[in-house]
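For this chain, numbers begin at 1 and follow the sequence in order. The analysis underlying the following values was restricted to heavy atoms, covering all of them including side chains, and did not include hydrogens, waters or symmetry mates.
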Amino acid sequence: MSIQKILAISGKPGLFELKVQTRSGFVAESLLDGKKITVGLRSNVSLLSEIAVYTYTEEVKLVEVFKAIATKESNGPAISHKETENNLKSYFREILPEFDEDRVYASDIKKIINWYNILQPKGFVTLEALNTEIKEAAASE
């Protein structure tokens with residue numbers, strides 16, 4: 001399973017898997033409840049594979065962050081995204097010690113942890129899947 005086709009859609013809760021591209025947009029399936037929705041071309045959509053996190057030296061791909069969480073949690077779920085801001089930042093500091101605290105907000109950390117916890121039970125963020133994903137990304141660059 002790959003996160004290449006996993007989307008975050010602005011204004012919609014959770015994550016979606018891209019199913020079919022249409023002339024006027026695409027069809028996506030919610031990973032939360034399995035419902036299919038049509039998304040127009042004007043919607044603000046982000047592919048998780050294209051998202052990166054700021055550090056003091058570079059940008060780290062979200063896949064690498066997910067791999068660090070999966071390693072720390074032994075492929076299990078992460079802490080709740082509803083923890084206090086201080087708990088979230090200290091947890092994230094364990095995952096990515098050099099993240100840029102001026103440009104990575106608590107809301108960003110909440111989203112990343114929530115996304116991980118949505119993807120984890122579905123098998124998208126196992127160490128094996130993420131290692132494959134990272135190798136494929138490196139080969140295509």
Over all heavy atoms of both residues, which pair between [X] and [Y] is shortest? Give the atoms and the distance, please.
X: Ile113; Y: Ala78; result: CG2-CB, 4.2 Å
X: Gln120; Y: Val125; result: CA-CG2, 3.4 Å
X: Ala129; Y: Gly123; result: CB-O, 4.2 Å
X: Tyr116; Y: Ala70; result: OH-CA, 3.3 Å

Stepwise, does the side chain to side chain contact (heavy atoms under 4.5 Å, CB included) test hold for Leu41 with Phe26? CA-CA 8 Å; Leu41 294 174; Phe26 55 89; 5.6 Å; no
Yes or no on side chain to side chain contact (heavy atoms under 4.5 Å, CB included) for Thr22 and Thr38, after CA distance, side-chain angles and deciding distance? CA-CA 9 Å; Thr22 64; Thr38 55; over 6 Å; no
Should the pair Glu101-Arg93 be classified as a salt bridge under the 4.0 Å nitrogen-to-oxygen rule? yes
With rounding to the nearest 0.5 Å, note down the distance linking [atom1] in [X] to [atom2] in [Y].
X: Lys36; Y: Ser30; atom1: NZ; atom2: OG; answer: 12.0 Å
X: Asn117; Y: His81; atom1: CG; atom2: NE2; answer: 8.0 Å
X: Lys72; Y: Ile69; atom1: NZ; atom2: CD1; answer: 10.0 Å
X: Tyr54; Y: Glu59; atom1: OH; atom2: CD; answer: 5.5 Å
X: Glu17; Y: Ile3; atom1: CD; atom2: CD1; answer: 12.0 Å
X: Thr84; Y: Ile79; atom1: OG1; atom2: CD1; answer: 8.0 Å

With a 4.5 Å cut-off on side-chain heavy atoms, are [Y] and [X] touching?
X: Phe66; Y: Trp115; result: yes
X: Val53; Y: Asp108; result: no
X: Leu119; Y: Leu31; result: yes
X: Leu15; Y: Leu7; result: no
X: Ile37; Y: Phe16; result: yes
X: Ile112; Y: Phe92; result: yes
X: Lys67; Y: Asn131; result: yes
X: Ile9; Y: Asn44; result: no

Within a reach of under 6.0 Å around OH of Tyr56, are more than 12 heavy atoms found that belong to other residues, nucleotides or ligands? yes
Among the clusters formed by ILVMFWY side chains lying less than 4.5 Å apart, do [X] and [Y] turn up in the same one?
X: Tyr91; Y: Val60; answer: yes
X: Ile6; Y: Leu18; answer: no
X: Ile51; Y: Val104; answer: yes
X: Ile109; Y: Leu48; answer: yes

Begin from the C-alpha positions of Glu128 and Leu130 and carry the test side chain to side chain contact (heavy atoms under 4.5 Å, CB included) through to its verdict. CA-CA 6 Å; Glu128 300 80 32; Leu130 294 170; over 6 Å; no
From the list Lys12, Lys5, Lys19, salt bridge (charged side-chain N to carboxylate O under 4.0 Å, His left out) with Glu29 holds only for Lys19
Would you check if the side chain of Ser74 reaches a backbone N or O of Gly76 as a donor-acceptor pair within less than 3.5 Å? no
